[in-house]
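Okay, structure first, notes after.
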Amino acid sequence: MSEYHTPVMLNECIEALNIKPNGTYVDVTFGGGGHSREILKHLNKDGRLLAFDQDADARQNIIEDDRFVFVDQNFRFLKNFCRLHDAIPVDGILADLGVSSYQFDQAERGFSIRFDAELDMRMNQESELSAKDVINNYSEAELHRIFGIYGEIQNAKSLANTIVTSRLNTPIVTVADLKNVIANRIPKGKENKYLAQVFQALRIEVNQELEALKDFLMQSAEVLVSGGRLVVMSYHSLEDRLVKNFIAKGKFSGEVEKDLYGNDNKPFDTVSRGVITASEQEINENNRARSAKLRIAIKK
Ligand SMILES: C[S@@+](CC[C@H](N)C(=O)[O-])C[C@H]1O[C@@H](n2cnc3c(N)ncnc32)[C@H](O)[C@@H]1O
């Protein structure tokens, strides 16, 4: 299991869920199952755990346990599949966003700048859109938007133009092709950071990560019992901003709405500690924990 993925802030997540031994819990990002296994340890024989993962490879970690159900779906369909499994209302939901170490380390999945492979980056290997499609078929304006907004890349406009000009001659198929094509756009000495931003942008677009997160957050409010916990761990600021705003305001931008009596109209209360980050020791042992931000909310 730990070779697949080392769970980040395991104790903090379990504490945040405040597990009721006979409760129903959902781990929407099963991955290597590190968090799920720990949740099961805190449940008695009447407890239940549903675990979502859209990547078929996560099936190799399925836990043999009568209290456990694996749902091979995108978590943007949280409500439908909780309903299908007769699991509403749920007592707690955990989301550990992004890709697993396993996914990064599989060269052919195309997630990592360390390997050469076809440009893919699909978490769900059945889905239609790959990074190759985005790079070769999106318009210059769309690429500009994706690199600017999802990658927070300074020269997004000229980057998009370089790609569109180059693909007129030859399609850009592999990670190495892409690196070659954009080499002149990369600021000297910042190669890794720049490429990581380009890859982040492509990954977010290919997997529609922000749309899926928004759908999930809205549905979490509908499936949780009053007093139930929403625990979300994110790894970049675009995700964290959505989580933070949704918990604080019940929406993704703008100000919180008020009801007729002037009370805040929002589904969650924030747990007073605000954002939680990993300890120095954990960061030293697991570099992935460095960027993790954990937020906890309680359903009103
Ligand atoms: C960071 S890993 C989770 C690791 C897990 N907590 C553990 O301890 O091993 C994220 C996992 O969530 C899955 N995932 C990401 N976005 C998803 C989505 N929208 N729907 C379903 N699964 C998703 C990925 O395929 C990946 O396996």
Side-chain angles (χ1 to χ4, degrees), residues 1-14 16-17 25-42 49-63 68-82 85 92-106 108-112 120-127 129-130 150 200 202-220 223 231-236 238-240 242-243 278 282 285-294:
M1 184 270 287
S2 62
E3 268 180 34
Y4 195 100
H5 185 87
T6 304
V8 172
M9 285 195 261
L10 184 58
N11 293 333
E12 291 87 340
C13 289
I14 297 296
L17 283 168
Y25 289 83
V26 189
D27 175 353
V28 296
T29 48
F30 179 66
H35 289 98
S36 276
R37 274 167 224 279
E38 198 58 35
I39 293 171
L40 282 170
K41 286 187 197 158
H42 289 74
L49 175 62
L50 259 63
F52 285 64
D53 204 299
Q54 62 174 329
D55 183 357
D57 283 2
R59 287 187 158 276
Q60 61 189 266
N61 306 309
I62 283 181
I63 305 168
F68 178 82
V69 176
F70 182 73
V71 183
D72 61 352
Q73 295 291 333
N74 193 308
F75 58 53
R76 70 190 308 175
F77 307 120
L78 174 76
K79 189 174 163 192
N80 274 350
F81 285 91
C82 284
H85 290 281
I93 303 174
L94 172 68
D96 176 14
L97 301 172
V99 288
S100 63
S101 311
Y102 168 87
Q103 288 165 324
F104 266 122
D105 292 343
Q106 299 298 109
E108 72 278 8
R109 302 289 298 268
F111 284 113
S112 173
D120 187 335
M121 301 194 196
R122 291 168 304 157
M123 287 192 214
N124 174 354
Q125 296 172 67
E126 309 268 289
S127 74
L129 186 70
S130 70
Y150 296 165
Q200 169 177 299
L202 289 171
R203 205 193 81 194
I204 290 175
E205 177 62 20
V206 166
N207 297 289
Q208 302 285 300
E209 292 182 28
L210 302 183
E211 290 79 3
L213 177 58
K214 286 182 182 174
D215 288 351
F216 156 71
L217 288 169
M218 288 192 292
Q219 291 169 35
S220 71
V223 302
V231 178
V232 185
M233 205 151 43
S234 55
Y235 295 85
H236 58 74
L238 298 170
E239 286 173 342
D240 184 54
L242 292 179
V243 177
E282 179 171 2
E285 288 165 7
N286 179 7
N287 195 41
R288 254 191 82 84
R290 182 173 298 280
S291 49
K293 287 207 162 81
L294 174 63

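Just so you know, ligand 1 is whichever comes first in the structure, and atom 1 is the first atom listed for that ligand.
Without hydrogens or angle criteria, N207 side chain to M121 main chain gives a donor-acceptor distance under 3.5 Å. Judged purely by atom type and a 3.5 angstrom limit, H5 has no side-chain atom pairing as donor or acceptor with the backbone of G33. In terms of modelled atom types and a separation under 3.5 Å, the side chain of E239 and the main chain of S234 share no donor-acceptor contact. Listed for the Q103 side chain is a donor-acceptor partner under 3.5 Å among the backbone atoms of S100.
Other residues, nucleotides and ligands place no more than 12 heavy atoms under 6.0 Å from the CD atom of E126.
The aromatic rings of F75 and F216 lie tilted to each other, with the angle between the two planes from 30° to 60°.
Residue F75 approaches ligand 1 through these ligand atoms, each under 4.0 Å from one of its heavy atoms: 16 (N), 17 (C), 18 (C), 19 (N), 20 (N), 21 (C). Taking every non-hydrogen atom of P7 and a distance limit under 4.0 Å, the qualifying atoms of ligand 1 come out as 8 (O). Against a heavy-atom cut-off of under 4.0 Å, R288 is close to the following atoms of ligand 1: 1 (C). Atoms of ligand 1 found under 4.0 Å from any heavy atom of V99 (numbered from 1 in listed order, with element): 1 (C). Each of the atoms 9 (O), 27 (O) of ligand 1 lies under 4.0 Å from some heavy atom of G31. The contact set between ligand 1 and D55, taken as ligand atoms under 4.0 Å from a residue heavy atom, comprises 25 (O). The contact set between ligand 1 and G33, taken as ligand atoms under 4.0 Å from a residue heavy atom, comprises 7 (C), 9 (O). Of all atoms in ligand 1, numbered sequentially from 1 with element shown, those under 4.0 Å from a heavy atom of G32 are 7 (C), 9 (O).
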Step-by-step side chain to side chain contact (heavy atoms under 4.5 Å, CB included) determination, D72 to Q54: CA-CA 5 Å; D72 61 352; Q54 62 174 329; over 6 Å; no
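Looking at ligand 1, you'll find an N or O of Q54 within less than 3.5 Å of one of its N or O atoms. Geometrically, ligand 1 and R76 share no nitrogen or oxygen pair separated by less than 3.5 Å. Here's the thing with G34: one of its N/O atoms is less than 3.5 angstrom from an N/O atom of ligand 1. The shortest N or O to N or O distance between D27 and ligand 1 is not below 3.5 Å.
Figure legend: cation-pi geometry between R288 and Y235, with NZ or CZ positioned under 6.0 Å from the six-membered ring centre and within 45° of its axis.
Neither side chain, T6 nor N286, offers a donor N or O lying under 3.5 Å from an acceptor on the other.
For S220, there are no side chain to side chain donor-acceptor pair (under 3.5 Å) partners, not counting sequence neighbours. Not counting sequence neighbours, the partners of R109 by the side chain to side chain donor-acceptor pair (under 3.5 Å) test are D55, D57.
Residue E209 does not touch ligand 1, judged by heavy-atom distances below 4.0 Å. When heavy-atom distances to ligand 1 are checked against a 4.0 Å cut-off, N61 has no atom that comes that close, whether in backbone or side chain. Neither the backbone nor the side chain of F216 comes within contact range of ligand 1; no heavy atom lies under 4.0 Å. At a heavy-atom distance under 4.0 Å, only side-chain atoms of M123, from C-beta outward, approach ligand 1.
At least one heavy atom of L97 sits less than 4.0 Å from an atom of ligand 1. Ligand 1 does not have Y102 within reach: every non-hydrogen atom of the residue lies 4.0 Å or more from it. In this structure, Q73 counts as a contact residue of ligand 1, since one of its heavy atoms falls inside 4.0 Å of the ligand.
A salt bridge is absent between E211 and R76: the closest approach of a Lys/Arg side-chain nitrogen to an acidic carboxylate oxygen does not fall below 4.0 angstrom.
The residue from D72, D53, L10 that puts a heavy atom closest to atom 27 (O) of ligand 1 is D53.
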